[in-house]
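The structure appears right after this line, and notes come after that.
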Amino acid sequence: MRRPGYRRGVLRWLLAIVIAGIVSAFAFLLLTGEYVNDGAVLVQLSEDRGIHEGDLFITTGWAIALLSEAGLLFMGTRGRN
């Protein structure tokens with residue numbers, strides 16, 4: 001017999017995976033494309049590719065979003081039996 005909150009727990013993890021996938025896809029698209037606020041090139045990878053200041057902003061936002069999501073997931077499990 002399953003625990004009472006089993007479905008809620010599975011749904012919570014499924015939604016977390018979906019959110020992480022969407023945030024990661026957007027970050028990937030921003031990092032591989034060109035946009036107005038690229039900023040200065042910090043590291044030149046090839047003749048037409050490099051790591052820009054704007055890329056650091058995107059990766060920082062991506063990391064904060066995933067850490068926040070993980071915090072919400074694990075914060076909700078405290079105090080339950």
Heavy atoms only: give me the nearest [X]-[Y] pair and the separation to one decimal.
X: A65; Y: V23; value: CB-CG1, 4.0 Å
X: R49; Y: Q44; value: O-NE2, 3.3 Å
X: E53; Y: L42; value: CG-CD2, 3.9 Å

Please report, to 0.1 Å, the donor-acceptor pairs under 3.5 Å made by any side chain of residues 68-75, with sequence neighbours excluded.
{"residue": "S68", "atom": "OG", "partner": "I64", "partner atom": "O", "Å": "2.8"}

I'd like to know if L66 and I19 are part of one continuous hydrophobic network [Ile/Leu/Val/Met/Phe/Trp/Tyr, side-chain heavy atoms within less than 4.5 Å].
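Shared cluster, yes.
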Whichever hydrophobic residues join L67 through chains of side-chain contacts under 4.5 Å:
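When side chains under 4.5 Å apart are linked, L67 ends up in no cluster with other residues.
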Taking atom CG of L31 and atom CH2 of W62, what is their separation to the nearest 0.5 Å?
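The CH2 atom of W62 is 9.5 Å from CG of L31, to the nearest 0.5 Å.
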